[in-house]
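One structure is given below, encoded as structure tokens.
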Amino acid sequence: MADLAAEVMERITTVVTRLYPSATDGLDTAVRPSERADAQVNVALGLARKVGKSPRQVAEEISAELDLRGICSKVSVAGPGFLNLTFDNGHLGTMLRDIAKDPHLGVHRATTVETVVIDYSAPNVAKEMHVGHLRSTVIGDALVRMCEAVGHRVIRENHIGDWGTPFGMLIEHLVDLGEVDAARELSVGDLDGFYKQARAKFEAAPEFQERARQRVVMLQGGDADTLRLWKLLVAESSRYFATVYEKLGVKLTDTDLRGESVYNDLLPTVVDRLRASNLLVTDDGAEVVFPAGFTNRENSPLPLIIRKQDGGYNYATTDLACVIDRVERLHATLMLYVVGTPQSQHLSMIETVAKDAGWLREPVRMAHVAFGSVLGSDRKMLKSRTGESVKLVELLDEAVQRADASILEKNPELPAAERRNVARMIGIGAVKYADLSGDRIKDYVFDWERMLSFDGNTAPYLQYAHARICSIFRRSGTTREEARSATPLVSHQSERALALWILQYDSVVWDALERYSPHRLCTYLYELATRYSAFYEQCPVLKAESDTIRDGRLALCDLTARVLADGLQLLGIDSPEQM
RNA sequence: GCGUUCGUAGCUCAAUGGAUAGAGCAUCUGACUUCGGAUCAGAGGGUUGGGGGUUCGAGUCCCUCCGAGCGCGCCA
């Protein structure tokens with residue numbers, strides 16, 4: 001409804017400024033969806049007090065002066081002073097025809113193009129990816145797609161954990177196994193086993209512990225052979241990550257990998273620059289910054305530790321180096337951190353220090369795209385039967401396998417090869433959609449039954465609606481492209497409901513993007529599918545009364561399918577044509 | 001203790017400060033010679049954790065209390 005709304009808002013503003021020239025500050029001319037009409041405008045309610053009249057009277061006065069011919073067929077005053085709008089059917093048809101010609105389906109481009117750095121996924125080298133990585137990866141991927149869709153310049157950064165003390169232990173374990181055997185074990189994808197073995201040895205054998213410590217020193221000292229072994233670990237892990245990303249269907253590739261180690265050279269610079277701006281304080285042998293507004297248990301200032309007592313750096317330093325790198329080298333204007341809620345204080349401290357140090361200045365900004373945990377049916381963090389974290393690949397494989405079984409049962413005619421392909425789209429889509437469809441800040445309960453259900457706010461339901469439309473076209477004898485030239489008539493009640501919803505796609509995509517809330521797009525798509533289903537029941541397409549009606553309805557079908565597929569694509573979910 | 005997030009139907013979740021708080025699941029009632037019934041139509045189900053406040057208007061903003069999760073100095 002973006003363009004509809006824009007034009008209405010403009011005309012209302014004109015009328016209001018003419019009627020009440022002294023009260024035009026902070027006008028709420030927004031055109032909102034309404035249950036009582038096609039849309040409502042509440043401008044009179046806020047205006048009433050300023051002009052000393054009743055809201056109802058103000059609404060009447062505006063309504064009397066308002067000329068919406070060609071856009072609205074009816075404008076009425078209702079309730080305490082709402083302006084209820086009913087759009088003109090012909091105008092709706094024209095609008096639909098216009099966006100049908102637009103490859104972006106009416107979604108407008110960003111007026112100022114941002115350089116958006118999105119930090120997400122972030123698995124650890126030599127460790128298995130588990131459910132804990134699911135949300136960051138899926139939400140981050142959706143944000144990448146949405147940003148790209150409106151024309152922003154997007155830089156994906158996968159900040160993998162590839163540095164730090166655990167690597168002494170991991171490298172020594174690699175040496176013990178022998179490089180060839182170790183590489184083979186890692187390439188199988190059994191990172192969990194590798195890490196656990198190393199950990200077990202570290203805890204059990206003092207001799208191993210000592211070797212591990214020395215190895216850390218060698219690693220940090222740049223010993224050539226140690227670095228070679230380290231790179232082997234990183235390479236094998238990266239290959240493994242790539243297979244997981246492929247399975248999950250996200251856009252991350254090897255070129256997006258940007259491990260913590262990349263920033264090593266920048267760490268001394270961080271210290272120097274903080275010292276130069278007099279932010280650095282020596283406290284208890286460590287070099288720290290005390291950003292304002294943070295306190296610890298004892299209510300004393302909470303430090304951000306830049307350099308530890310032993311001279312080593314920690315993750316705060318790396319994160320600050322990241323900010324410098326992203327702002328000064330990449331020229332980021334917006335940095336998104338798709339990181340769990342528990343990190344919020346840490347990121348807030350990073351942001352404060354980066355601002356205090358002058359590295360982060362308007363209009364450049366960073367945002368913590370925080371999200372809650374994935375819970376089991378017991379409402380606790382999701383764990384496997386054995387109490388360990390659930391491996392991401394196993395979870396994804398199970399999703400595909402469950403989807404496959406479901407399709408086999410419900411559509412046995414589908415050829416096996418096709419079925420496997422569709423099962424992947426549905427299974428992975430279901431997992432992603434379950435992750436994206438709730439407000440990201442909240443925890444959500446992982447439930448196979450619900451996410452794979454064909455009823456309710458699920459990916460399969462949306463995909464089904466899409467497949468049904470494709471089915472109509474297979475029988476219609478017309479192509480999707482041909483359908484686009486027709487202008488829908490938009491006269492039946494459910495045609496109107498569908499049309500009005502389609503026209504809101506633009507504003508919904510932007511709303512979801514600006515709030516970094518993919519679930520708003522999900523809610524919209526679900527409602528779209530629901531409205532389509534009602535239309536489908538009540539308005540025969542192929543058996544319509546006339547060719548004109550039929551063509552118009554085919555155009556509506558095509559648009560609906562495109563918005564569904566486009567919206568799902570923004571969420572990283574595929575839309576099969578049959579299922 | 002301090003900070004932070006959350007609390008909405010039996011369950012899982014929605015709701016740019018706007019009208020009578022909406023969906024799905026589950027329960028109950030209907031609709032299959034019908035473009036994919038993998039669907040649709042309808043019913044019941046609520047003191048939005050409690051209490052104050054701001055506002056023409058509060059689930060939403062502010063304060064306070066209760067409950068839950070998470071974080072709070074040398075791991076990342």
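Numbers restart at 1 for each chain; the letters A, B, ... are given by sequence-line order, proteins then strands. All values below were derived from every heavy atom in this structure, side-chain atoms included, with hydrogens, water molecules and symmetry-related copies excluded.
Side-chain contact between A:Arg56 and A:Val77: present, with at least one pair of heavy atoms (C-beta onward) separated by less than 4.5 Å. Residues A:Arg553 and A:Pro540 have side chains in contact (heavy-atom distance under 4.5 Å, counting atoms from C-beta outward). A:Met349 places none of its side-chain heavy atoms less than 4.5 Å from the side chain of A:Val289.
Across all strands, A:Thr523 comes closer than 4.0 Å only to sugar-phosphate atoms, never to a base (heavy-atom distances). Nucleic acid contact for A:Pro342: sugar-phosphate only, since backbone atoms but no base atoms lie under 4.0 Å from a heavy atom of the residue. Among the protein residues, A:Ala78 comes within range of the nucleic acid bases, having at least one heavy atom under 4.0 Å from a base atom. Residue-level contact check: A:His519 touches the backbone only, with heavy atoms under 4.0 Å from sugar-phosphate atoms and none from bases. Within 4.0 Å of A:Glu449, counting heavy atoms only, lies no atom of the nucleic acid at all. Among the heavy atoms of the strands lying under 4.0 Å from A:Ser34 is at least one base atom, whether or not backbone atoms are also near. Residue contacts for A:Arg297: at a heavy-atom cut-off of 4.0 Å it reaches a base atom on one of the strands shown. Using a 4.0 Å heavy-atom cutoff across all strands shown, A:Phe294 reaches no nucleic acid atom at all. Nucleic acid contact for A:Gln538: none, since no nucleic acid atom lies under 4.0 Å from a heavy atom of the residue. Looking at heavy-atom distances under 4.0 Å, A:Gly438 makes contact with sugar-phosphate atoms alone, never a base. Within 4.0 Å (heavy atoms only), A:Asn296 reaches at least one base atom of the nucleic acid. Among the protein residues, A:Val541 comes within range of the nucleic acid bases, having at least one heavy atom under 4.0 Å from a base atom. If you check every strand for non-hydrogen atoms under 4.0 Å, A:Leu302 touches sugar and phosphate atoms only. Among the protein residues, A:Asn42 comes within range of the nucleic acid bases, having at least one heavy atom under 4.0 Å from a base atom.
Close to B:C75, at under 4.0 Å from its OP1 or OP2, lies a side-chain N or O of A:Lys308. OP1 or OP2 of B:G36 sits under 4.0 Å from a side-chain N or O of A:Arg475. When the side-chain nitrogen and oxygen atoms of A:Lys442 are compared with OP1 and OP2 of B:A14, one or more of them lie within a distance under 4.0 Å. Contact check, A:Arg49 against B:C56: a side-chain N or O comes under 4.0 Å of OP1 or OP2. Residue A:Arg450 has no polar side-chain atom (N or O) positioned under 4.0 Å from OP1 or OP2 of B:A26. Contact check, A:Ser533 against B:C40: a side-chain N or O comes under 4.0 Å of OP1 or OP2. At the phosphate of B:C40, OP1 or OP2 sits under 4.0 Å from a side-chain N or O atom of A:Tyr461.
Classified by interplanar angle (parallel below 30°, tilted 30° to 60°, perpendicular above 60°), the ring pair A:Tyr536/A:Tyr532 is tilted. The aromatic rings of A:Trp163 and A:Trp230 sit perpendicular to each other, their planes meeting at more than 60°, with 30° as the lower class boundary.
In this structure, A:His159 has its ring center closer than 6.0 angstrom to the ring center of A:Tyr263.
Of the C1' atoms belonging to B:C35 and B:G7, the separation is 46 Å, rounded to the nearest Å. On the P atoms, B:G18 is 11 Å away from B:C61, given to the nearest whole Å. To the nearest whole angstrom, the two P atoms, one in B:G52 and one in B:A58, are 14 Å apart. Taking atom P in both B:U39 and B:A26, the straight-line distance is 11 Å, to the nearest Å. Comparing the same atom, C1', in B:C25 and in B:G44 gives a spacing of 15 Å after rounding to whole Å. Taking the C1' atom of each, B:C66 and B:U48 are spaced 16 Å apart, rounded to whole Å. Between the C1' atoms of B:G22 and B:U60, the separation comes to 15 Å (whole Å). Rounded to whole Å, the separation between the P atoms of B:G53 and B:A19 comes to 22 Å.
Across the protein-nucleic acid pair, A:Asp439 atom CG and B:U60 atom P stand 16 Å apart, rounded to whole Å. One atom, CZ of A:Phe167, and another, P of B:C75, lie 16 Å apart when rounded to the nearest Å. For A:Tyr464 and B:G24, the OH to C1' distance is 17 Å, given to the nearest whole Å. For the pair A:Gln40 CD and B:G17 P, the computed distance is 14 Å after rounding to whole Å. A straight line from CG of A:Asp443 to P of B:G67 spans 20 Å, rounded to a whole angstrom. Rounded to whole Å, the distance from CE on A:Met349 to P on B:G3 is 15 Å. Regarding A:His346, its NE2 atom lies at a distance of 8 Å from the C1' atom of B:A76, rounded to whole Å. Whole-Å rounding puts the A:Leu462 CG to B:G36 P distance at 19 Å.
Side-chain proximity of A:Tyr444 to B:G73, B:C13, B:C35: nearest is B:C13. Checking B:C74, B:C35, B:G24 against every side-chain atom of A:Pro540, the shortest atom distance belongs to B:C35. Distances from the side chain of A:Ser344 to the nucleotides B:C40, B:U4, B:A38 place B:U4 closest. Considering only side-chain atoms of A:Thr295, the nucleotide from B:G73, B:G24, B:C2 that sits closest is B:C2. Among the nucleotides B:C13, B:C35, B:G73, the one closest to any side-chain atom of A:Ile472 is B:C35. Side chain of A:Asn411, nearest nucleotide from B:C6, B:A38, B:A19: B:A38.
If you check B:C32 for Watson-Crick or wobble pairing at under 3.5 angstrom, you find it has no partner at all. The partner of B:A23 is B:U12, by the rule that a Watson-Crick or G-U pair needs both atom distances under 3.5 Å. If you check B:G3 for Watson-Crick or wobble pairing at under 3.5 angstrom, you find it paired to B:C70.
One donor-acceptor pair, N or O on each side, does fall under 3.5 Å between the base of B:A76 and the side chain of A:Tyr315. Checked by distance alone, A:Asn299 brings no side-chain donor or acceptor within 3.5 Å of a matching partner on the base of B:G1. Residue A:Glu260 places no side-chain atom within donor-acceptor reach of the base of B:A76, judged by atom type and a 3.5 Å distance cut-off alone. Scanning atom types as modelled, one donor and one acceptor separated by under 3.5 angstrom connect the side chain of A:Asp284 and the base of B:C74.
Taking CG from A:Asp511 and CZ from A:Arg520, the interatomic distance works out to 4.5 Å, rounded to the nearest 0.5 Å. In this structure, CE in A:Met129 is found 10.5 Å from CD1 in A:Ile160, a value given to the nearest 0.5 Å.
Mapping A:Arg468 and A:Thr341 onto RNA chain B by nearest heavy atom places A:Arg468 closer to the 5' end of the strand. Residues A:Glu298 and A:Arg474 each lie close to RNA chain B; by heavy-atom proximity, the contact nearer the 5' end of the strand is made by A:Glu298.
For the pair A:Arg36 and A:Phe82, the NZ or CZ position fails the cation-pi test of under 6.0 Å to the six-membered ring centre and within 45 degrees of the ring normal.
For A:Tyr20 and A:Glu61, the side-chain atoms include at least one donor-acceptor pair closer than 3.5 Å.
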